[in-house]
Amino acid sequence: MIESFDTQPLPNVIPAYVYDQYSDDENVQGFFEVLNAMAQGYLDWFNQTPLPLYTNPNIKGPLLDWVGNSLYNIPRPVISDVQQVVKGALATVPLTALPIAGFQISESGTSAIATDDIYKRVLTWFMYRGDGMQMSVEWLRRRVARFLYGTNGTDIPDVGLLSTVQLTRKNLQVGGVTGTDVTGLAVTGLAFSPIYHTGILILPSYSISAVFQELVQTGVIPLPFQITIEIVTGFALNQTELDVGTL
């Protein structure tokens, strides 16, 4: 048997029925009517809320946490720009500033639990397979653009938005000519050689871009390990900003 997504799920439960010898008992009949109504309610909920499809609007709040943790083993992330400074090691503070062998740990910044929208975008970053498994510049730009513009983890609403995600390189010299733009070259080609392996990812000036940068810096969102990526926000768009969500 071949599975087909065109086949719709069973819309109605197979009702439980009363044996003929109890058919004249109103209480038994009433019990079975309520039982069938409750079973139909459960079936309707499961049909309207497919648990693996986390982009469904009915999957939210604690249910989204359950789906992310139990089905995909991806917990809801914390968006944080907290920085920790540890003082106490030799030459980090004046000798009289701390007791001998003492340490001082200080933190600054803010942190917040990711919203459902951000959580779903993170899930899509891990779960989306439509770009294939071979890394390239186009592959990376699509994934970043999908995170920036895919509200609630959905796909890119307009392929033209890919142009707002730019990737440049540092100090790359090919045949004696130095350039910067590598959006048309594969990562495995001349664009990123073993000597020059640092790329700069330039994102538009959206609040979601800052969220993406923080999630990358804290290790929530992994980037390809083959190259070093520096993220810069501040790319100005010549079009009306889209509603891409905020914290």
A.B. asks: Can you sort out the partners of Ala145 under side chain to side chain contact (heavy atoms under 4.5 Å, CB included), two or more places apart, ordered by chain and number?
C.D. replies: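 Scan of Ala145 (side chain to side chain contact (heavy atoms under 4.5 Å, CB included), adjacent residues dropped) gives Tyr149, Ile156, Leu162, Val165.
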
A.B. asks: Are Leu201 and Val216 connected in a single hydrophobic cluster, I mean Ile/Leu/Val/Met/Phe/Trp/Tyr linked by side-chain heavy atoms less than 4.5 Å apart?
C.D. replies: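 Same cluster: Val216 reaches Leu201 through Ile, Leu, Val, Met, Phe, Trp or Tyr contacts under 4.5 Å.
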
A.B. asks: Please name the residue in the list Ile221, Val122, Leu123, Ile113 that meets the side-chain contact (heavy atoms from CB on, under 4.5 Å) test with Pro77.
C.D. replies: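 With Pro77 as partner, side-chain contact (heavy atoms from CB on, under 4.5 Å) holds for just one option, Val122.
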
A.B. asks: Just do the side chain to side chain contact (heavy atoms under 4.5 Å, CB included) check on Leu140 and Ile229 with the steps written out, would you?
C.D. replies: CA-CA 11 Å; Leu140 181 58; Ile229 297 292; 4.2 Å; yes

A.B. asks: What residues, two or more places apart in sequence or in another chain, satisfy ring-ring contact (aromatic ring centres under 6.0 Å, His included) together with Tyr119?
C.D. replies: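 ring-ring contact (aromatic ring centres under 6.0 Å, His included) list for Tyr119, sorted by chain: empty.
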
A.B. asks: Roughly how far, to the nearest 0.5 Å, is the CZ atom of Arg141 from the OG1 atom of Thr164?
C.D. replies: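 If we round to the nearest 0.5 Å, Thr164:OG1 and Arg141:CZ are 8.5 Å apart.
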
A.B. asks: Does anything in residues 146-166 form a salt bridge (charged side-chain N to carboxylate O under 4.0 Å, His left out)? List the pairs, not counting sequence neighbours.
C.D. replies: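 Listed by first then second residue: Asp131-Arg146, Arg146-Asp155.
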
A.B. asks: Does Trp139 reach the main-chain N or O of Gly132 with its side chain, forming a donor-acceptor pair under 3.5 Å?
C.D. replies: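 Yes: the side chain of Trp139 pairs with the backbone of Gly132.
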
A.B. asks: So which pairs with a foot in residues 204-213 pass salt bridge (charged side-chain N to carboxylate O under 4.0 Å, His left out), sequence neighbours left out?
C.D. replies: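 Not a single pair qualifies under salt bridge (charged side-chain N to carboxylate O under 4.0 Å, His left out).
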
A.B. asks: Identify the heavy atoms of Asn58 and Leu63 that sit nearest to each other, and give their distance.
C.D. replies: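 Distance-wise, the nearest heavy atoms are O-CD2, 3.9 Å.
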
A.B. asks: Share the residues that join Met38 in a hydrophobic cluster, the rule being Ile, Leu, Val, Met, Phe, Trp or Tyr side chains under 4.5 Å apart at the heavy-atom level.
C.D. replies: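 Members besides Met38, by chain and number: Val34.
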
A.B. asks: Can you list every pair that meets side-chain hydrogen bond (donor to acceptor under 3.5 Å, both in side chains) and has a residue in residues 30-51, with sequence neighbours left out?
C.D. replies: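 Qualifying pairs: Gln40-Asp44.
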
A.B. asks: Going by side chain to side chain contact (heavy atoms under 4.5 Å, CB included), name the residues that satisfy it together with Pro11, two or more places apart in sequence or in a different chain.
C.D. replies: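 With neighbours one apart ignored, the set is empty.
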
A.B. asks: Got a second to check how far Ile200's CD1 is from Thr168's OG1, nearest 0.5 Å?
C.D. replies: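 Nearest 0.5 Å value for the CD1-OG1 distance: 4.0 Å.
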
A.B. asks: Once side chain to side chain contact (heavy atoms under 4.5 Å, CB included) is applied, do any residues pair with Tyr19, and if so which ones, sequence neighbours excluded?
C.D. replies: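 Result, side chain to side chain contact (heavy atoms under 4.5 Å, CB included) vs Tyr19: Tyr17, Gln21, Tyr22.
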
A.B. asks: Is the backbone of Thr233 close enough, under 3.5 Å, to the side chain of Gln213 for a donor and an acceptor to pair up by distance?
C.D. replies: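 Such a contact is absent between Gln213 side chain and Thr233 backbone.
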
A.B. asks: Arg142: what forms a salt bridge (Lys or Arg N to Asp or Glu O under 4.0 Å) with it, not counting sequence neighbours?
C.D. replies: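 Residues passing salt bridge (Lys or Arg N to Asp or Glu O under 4.0 Å) with Arg142: Glu138.
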
A.B. asks: Among residues two or more places apart or on two chains, list those pairs meeting side-chain hydrogen bond (donor to acceptor under 3.5 Å, both in side chains) that have a residue in residues 62-78.
C.D. replies: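 Qualifying pairs: Asp65-Arg76, Trp66-Ser70, Arg76-Asp116.
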
A.B. asks: Restricting to side chain to side chain donor-acceptor pair (under 3.5 Å), what partner residues turn up for Thr55, sequence neighbours left out?
C.D. replies: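 With sequence neighbours excluded, Thr55 shows a side chain to side chain donor-acceptor pair (under 3.5 Å) to no residue whatsoever.
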
